[in-house]
Q: 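Following this message is one structure expressed as structure tokens.
Computed from a prediction, not measured in an experiment: that's the story for all the values here. Here is the naming used below: chain letters follow the sequence lines, and residue numbers restart at 1 for every chain.
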Amino acid sequence: MRGWRAVAVLWLTSVGCGGGPFAAGSFSTNWSDDGGRSIEILRQRIGSSRPAPGSDVAVGVTSHLDALVGIPLGEGTPWTFQHPLSSRPVVTSNVVVAAGSGELFALDAATGKRLWARPTGGLAIRGAGDDGSVTVVTLSSPQGKDSTLLAVARNGTVVLRVETDQDLGTPAAFANFAFVPWGNQYVSALDLSSGVEVARVVLREKTSRAWTTAGALYFGEMGLFRFDEHIQAASHNQATHVGLPARELPGTPRLFPTSGERIEPASGAPDKIRLYARPTAATEPLAFEDDRFYATYFRLVMGFTAGKGALAWVHTHPNDVIGGAAAIGALVLCDADGKITVLSAKTGGEMSQRSFDGPLAACVVQADGFTPSGTASDQGPLAAQLAKAIENRDLDLATAQRLLLRELATLKDDDATRTLLEVVSDPRTSPAVLGDARAALAGRRSGSRFMISALERHYDFLKDVLAPPPVGPIAQALAAMNETGAAPLLASHLLDPADTDEDVKQAAVALVTLGGAAEVPALEQFFGMYRDAPDDDADIADAVASAGQALLEHGGAPGRAVVDLALANPLTNAAAKAKLQAIVGALDAQKGEGR
Amino acid sequence: MQGFVGRRFASLALLSLGLSGSVPRDAFASADPASKRAAPLPVAVLGKVSLAKLKSSEPTEIKAGLDDARASAKGGLAAVPLIVDLLRKGLPYPLTVAALDALGDIESERASATVAWFVRHRSVEVRRSAVRALAHTGGALAVGALRLALSDGDPRVRGFAAAGLGSLRAKDAVGDLFVALDHRVNEAAVSIGQLCAPSECEALEGRLGRVPFDVVSSGLDPILFRPSGEVSDDAKVKLVGRLRELGTGETNRFLREAVGRWPKTGSARVRQVLEQAVLATTGSPTNSPHEAGGGVSP
């Protein structure tokens, strides 16, 4: 603690160029809620001024952490800036702020030209904001405690510096004020000319970031508060706010890193498991642009409706997505291979792609005014998109694949059933999701024609059919749908040794409901062949009991005789016999009541 | 008799487990599978005591009855309905295997329908027994079940089925046997050799160079030794010529074995061609590249 302060003081005394006001008294905890009075005065002072659009750019960190590379999303040429890196770059307004080799520096985001550089004093970047003329940066000590706020003009002059033992979040700069979140609930506004904290607002949701986008200033972390005429009522939880709908997402992704989290220069799992969303224009009621928010999970990208959180599309990317930004009508992705891909917000179809020269360690995208052009590629129906995502054998994806399977199961159309059948039958399907896929298939109540068609397939070595269909889940679904037409095929699977014990058990259960006189010979054959099955074969014992029950249902007096004979035989499988005795007992009792 | 086939096709000969002697080593063996068996034993008709055991509910009694029936072979004909009834009502797996083995030894076609059930049994041991038994019970149902068994998941079941089809002279199954051979059911080669029509025999010869020599030659051997009424001397001469052209040590050994087993009453012309081919291939290199790993023993 003492060490870093000593270095920081040395750094602060070396800022030169006239230094800057050293503001004291800011971020005081000895403050009473002013009911929004100060922030409203500030808002009126700023008036109708709006933040200018930031540069639309993707900035990558090269794999050796020795250079920044930039690609403008619209017009402009790629750039490279060689510099060792110890922090993730921050793109704000039209600057890129980064640190490395003890130096804090800012680049022009459009060209990569260095704007200024200063010693870091051993501090690490926490966040940055910019209003087009001044860049505000929050930095933290190596221990993560105590913070420094620095405001630097384009010529490198430090116009403000503040040291505090508070935990400062990511600041924004707007209209010559620094808006600095801290304590996870406050945003203090500091006059960049005087360094005086002129206003403060308390927010009723965790807030660690301030930023400008879409022509407005926002605060938040979990959701977004807009700096508008309602901000004065923030302490009463009546500020203009938009949040993401509560829904299950793989890996618990976040819109932003949590406060105090040190962001390493190279991306990690949190960068691959992210949410992206963009607020609507400042002139419109606050909502999410395109009624979309997006989630990434390694190489899977999902688009959701912002209102209800319903899955709209799934994009399976060739490799892990490590950065991105929501744009107007699009989602811009940056992947580990150094490719920038623009997906349609509406469909998830690919609209365009650009590429860095090589793989990236990290990537940051800012898409403020960017509106993509071009036609999105056809992604096909959602069921097909889900199938593609689920069939990927990458074990990293299993968590998301299980969720997508559940999404697939919610689709009521026949195609979803066909897709589930393909997923379950595809040898590429990850074993980690196969059980869920079978359960989802068993729960289907549509698409029976695809299931019946699948049952026509049997293991056949000479025809190179080396996997039987998923008979068990199909049998469960068809029985629930009362598809009696499937009975002959189910009976044929009863006698297929290539089917699993579980599948045979479910086929036998289904035949109790779906079978008829035509299935009695197969039922008798099965019953005869396995009545004396070994006791340790639980599924087959259950199947025998079900086959016996089906014989009682559909086999008439001869069927009853077969079952009675088995009940009288000491060699009959004990478990099957016990179940059959219960079934026969219930049947007889039912008949007795009928009389 | 044991020379070439016995030493060089040891692995293939295993397929005839339960079918011993069914692959025609004798050049002019009868088409009747039963007559191809070793010296016929005197038929001992199964007694009432043994039949009574088969009506017992005691597993040990049933097993004893099945053993008696098996020992009686064809003499156990009276036991067939009882064994069939036992199988249809259900037996523990070991007794199921014993019952199927007994029906195979009794060789009654009446058992085929019931034995065919067990070609689809979940126990691979039961399926193997059923397929072996069908090769002896015979009939159209047996042939149909064996053709089905060519697609079984178990390689030994497939092998037994392929051999059984040859044993049952199931000429209609040759197409299936070729598919099986192309799926590495090597036992199919012998059966093809036993059953093939001229064009089919040529198709088997056409596998030389594509399929390991010991596999193809296991089928060429019965072709050479089939009666002239089934395979003409011209076809045999052509076959020998083709083998001679291969000019490998393996073909030389194969041809020498054939000459050694050639019947005295067999075609002198074919014998002469065989002898010339032996001379022409003497000193040939051990293996051609595609025959490497073919399992040839010195």
Side-chain angles (χ1 to χ4, degrees), chain A residues 457-468 491-505 507-508 521-522 524-537 539-541 543-544 547-548 558 561-574 576-577 580, chain B residues 56-63 84-97 99-100 113-128 130-131 145 147-155 157-159 161-162 173 175-185 188:
Chain A
R457 195 173 77 240
H458 282 268
Y459 176 95
D460 190 327
F461 179 79
L462 293 191
K463 289 181 181 165
D464 301 313
V465 181
L466 301 181
S492 73
H493 278 284
L494 205 56
L495 300 168
D496 190 336
D499 291 354
T500 64
D501 289 355
E502 165 69 14
D503 282 355
V504 167
K505 180 177 86 171
E524 281 183 345
Q525 181 177 342
F526 181 82
F527 194 82
M529 283 163 69
Y530 302 105
R531 180 180 63 80
D532 294 346
D535 286 339
D536 58 358
D537 211 342
D539 282 337
I540 292 303
V544 167
V562 168
V563 173
D564 284 344
L565 200 65
L567 289 176
N569 193 318
L571 299 180
T572 300
N573 177 285
K577 186 188 273 190
L580 274 172
Chain B
S56 169
S57 60
E58 285 299 315
T60 49
E61 282 288 291
I62 295 171
K63 179 66 168 60
V84 162
D85 190 52
L86 283 170
L87 282 170
R88 285 181 172 257
K89 285 177 180 165
L91 287 172
Y93 291 0
L95 285 179
T96 301
V97 169
L100 292 168
T114 299
V115 176
W117 275 18
F118 293 87
V119 168
R120 307 287 279 163
H121 199 276
R122 304 185 67 73
S123 159
V124 70
E125 293 301 333
V126 172
R127 295 207 301 281
R128 289 173 185 170
V131 169
R147 289 173 78 164
L148 186 72
L150 286 175
S151 271
D152 195 275
D154 177 59
V157 169
R158 295 195 295 267
D176 289 351
L177 288 166
F178 269 112
V179 177
L181 180 61
D182 291 341
H183 281 76
R184 300 182 184 220
V185 182

Q: Counting only non-hydrogen atoms closer than 4.5 Å, does B:V124 touch chain A with its backbone (N, CA, C, O), its side chain (CB onward), both, or neither?
A: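 For B:V124, no heavy atom lies under 4.5 Å from chain A.
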Q: Is a salt bridge present between A:D501 and B:R122, judged by a nitrogen-to-oxygen distance below 4.0 Å?
A: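 Looking at B:R122 together with A:D501, the answer is yes, because their closest N to O distance falls below 4.0 Å.
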Q: Relative to the ring of B:Y93, is the ring of A:Y530 parallel (under 30°), tilted (30 to 60°) or perpendicular (over 60°)?
A: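 Geometry flag for B:Y93 against A:Y530: perpendicular rings.
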Q: Report yes if some heavy atom in the side chain of B:P59 is under 4.5 Å from a heavy atom in the side chain of A:L571; otherwise report no.
A: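 Yes - at least one pair of side-chain heavy atoms lies under 4.5 Å apart.
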Q: Is chain B contacted by the side chain of A:A566, its backbone, both, or neither, given a heavy-atom distance below 4.5 Å?
A: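 Neither part.
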Q: Is B:L148 in contact with chain A via its backbone, its side chain, both, or neither, using a 4.5 Å heavy-atom distance?
A: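 Nothing of B:L148, per the 4.5 Å heavy-atom cut-off to chain A.
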Q: Please classify the contact of A:I540 with chain B as side chain, backbone, both or neither, using a heavy-atom distance under 4.5 Å.
A: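 Just its side chain gets close to chain B.
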Q: Quick check: do A:M529 and B:L87 have side-chain heavy atoms less than 4.5 Å from each other?
A: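 Side chain of A:M529 against side chain of B:L87, heavy atoms only: no contact under 4.5 Å found.
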Q: Is the closest side-chain heavy-atom distance between B:W117 and A:L495 below 4.5 Å?
A: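 No, every pair of side-chain atoms sits at 4.5 Å or beyond.
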Q: So, taking the atom named CG in A:D532 and the one named OG1 in B:T96, what distance separates them when rounded to the nearest 0.5 Å?
A: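 Going from the CG atom of A:D532 to the OG1 atom of B:T96 covers 7.0 Å.
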Q: If I take atom CZ from residue B:R184 and atom CZ from residue A:F461, how far apart are they, to the nearest 0.5 angstrom?
A: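 Rounded to the nearest 0.5 Å, the CZ-CZ separation comes to 9.0 Å.
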Q: Could you give the distance from NZ (B:K89) to OG1 (A:T572), rounded to the nearest 0.5 Å?
A: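 It comes to 11.5 Å.
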Q: Which heavy-atom pair separates B:D176 from A:L462 by the least distance, and what is that distance?
A: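 Heavy atoms of B:D176 and A:L462 come nearest at O-CD1, 4.0 Å.
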Q: Look only at the side chain of A:R531 and the backbone of B:G90, and say whether a donor-acceptor pair between them is shorter than 3.5 Å.
A: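 Judged by distance alone, yes, a pair lies under 3.5 Å.
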Q: At what distance, to the nearest 0.5 angstrom, does CD of A:Q525 lie from NE2 of B:H121?
A: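 So the CD of A:Q525 and the NE2 of B:H121 are separated by 10.0 Å.
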Q: Considering residues, nucleotides and ligands other than A:K577, do more than 12 of their heavy atoms fall under 6.0 Å from its NZ?
A: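 Yes, the 6.0 Å shell around NZ holds more than 12 heavy atoms from other groups.
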Q: When heavy-atom pairs shorter than 4.5 Å are enumerated against chain B, which of A:D496, A:V465, A:N569, A:D537 gives the highest number?
A: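 So the answer, after comparing A:D496, A:V465, A:N569, A:D537, is A:D496.
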Q: Counting heavy-atom pairs closer than 4.5 Å to chain B, which one of A:F527, A:Y459, A:F526 comes out on top?
A: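 Going by pairs under 4.5 Å, I would pick A:Y459.
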Q: If I measure from the heavy atoms of chain B, does A:V504 come under 4.5 Å with its side chain, its backbone, both, or neither?
A: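 Looking at A:V504, just its side chain touches chain B.
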Q: Heavy-atom distances under 4.5 Å only: say whether B:R120 touches chain A with side chain, backbone, both or neither.
A: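 Contact with chain A involves both backbone and side-chain atoms of B:R120.
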Q: Under a 4.5 Å heavy-atom cutoff, which of B:R88, B:R158, B:R127 has the most pairs with chain A?
A: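 Top count of heavy-atom pairs under 4.5 Å with chain A: B:R158.
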